[in-house]
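Computed from a predicted model, the values in this text were never measured in an experiment.
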Amino acid sequence: MSIFTYPVMITAEDIKNECGIDLVEAYSAAEIPHFLNLVHSSIYDGCIYATGSADIKERIINKYIQDCEPIIKRALVTQAAYIHSQGHIGTESGITITADGQKAVVNKLELRSKNVSIGAVDILKACKIPLLYAGEGE
């Protein structure tokens with residue numbers, strides 16, 4: 001059970017049905033809720049809510065749920081497959097050390113690009129309801 005709630009969510013069963021990844025076989029029982037929370041927060045907090053107000057975005061999703069739900073679920077399943085295959089890199093802080101030993105700050109879009117599947121972003125961009133603001137950087 002997740003302590004986080006989002007307008008559209010997926011389950012371990014959705015992931016198994018859509019992309020064949022059985023979370024029960026791949027992860028311990030304690031890791032599955034964490035994995036699902038990571039998938040949801042990557043898409044919502046890292047993408048959909050990254051621009052604008054989360055409250056407004058939730059209202060848009062709820063108003064146009066029939067158009068948004070299948071797109072968001074597809075993006076979530078794509079993100080789950082990405083995280084499963086790539087591993088979790090969410091510990092990235094945005095600060096990196098350059099070759100000469102200096103600290104450099106990585107911008108938010110570059111950091112997000114490592115945490116969120118390009119495929120999931122493309123799915124969200126294709127939604128006829130603007131879940132991502134037009135003009136958001138690549």
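- Applying the side-chain hydrogen bond (donor to acceptor under 3.5 Å, both in side chains) rule to E69 yields no partners; only residues at least two apart in sequence or on another chain are considered.
- The distance from the SG atom of C68 to the CD atom of E58 is 12.0 Å, given to the nearest 0.5 Å.
- The main-chain N or O of I10 is found under 3.5 Å from a side-chain atom of H40 such that the two form a donor-acceptor pair.
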Do L36 and L23 pass the side chain to side chain contact (heavy atoms under 4.5 Å, CB included) test, and can you show the C-alpha distance, the side-chain angles, and the key distance before you say yes or no? CA-CA 10 Å; L36 290 170; L23 297 183; 4.1 Å; yes
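- Of the inter-residue distances, the one linking S42 atom OG with L76 atom CG reads 9.5 Å to the nearest 0.5 angstrom.
- Between the SG atom in C127 and the CG atom in L132 there is a gap of 9.0 Å [rounded to 0.5 Å].
- Between Y44 and Y49, the ring planes are tilted. Angles from 30° to 60° get that label.
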When you look at Y27 and H34, which way does the side-chain hydrogen bond (donor to acceptor under 3.5 Å, both in side chains) test go after all the steps? CA-CA 10 Å; Y27 301 97; H34 173 71; over 6 Å; no
Worked check of side chain to side chain contact (heavy atoms under 4.5 Å, CB included) between Y82 and T78: CA-CA 6 Å; Y82 176 76; T78 300; 5.7 Å; no
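- Between the side chain of D14 and the backbone N or O of T11, at least one donor-acceptor pair lies under 3.5 Å.
- With rounding to the nearest 0.5 Å, the separation of SG in C47 from NZ in K125 is 9.0 Å.
- In terms of heavy-atom proximity, G46 sits nearest to A50 at O-CB, 3.8 Å.
- Among the candidates I48, I61, I71, the single residue satisfying the side-chain contact (heavy atoms from CB on, under 4.5 Å) test with V8 is I61.
- Residues satisfying the side-chain hydrogen bond (donor to acceptor under 3.5 Å, both in side chains) criterion with E18, sequence neighbours excluded, are absent altogether.
- Atoms CZ and CD, on R74 and Q79 in that order, are 14.0 Å from each other to the nearest 0.5 Å.
- Separation of atoms OH (Y6) and CD1 (I72) is listed at 12.0 Å; rounding is to 0.5 Å.
- At least one donor-acceptor pair closer than 3.5 Å links the side chain of K57 to the backbone N or O of L131.
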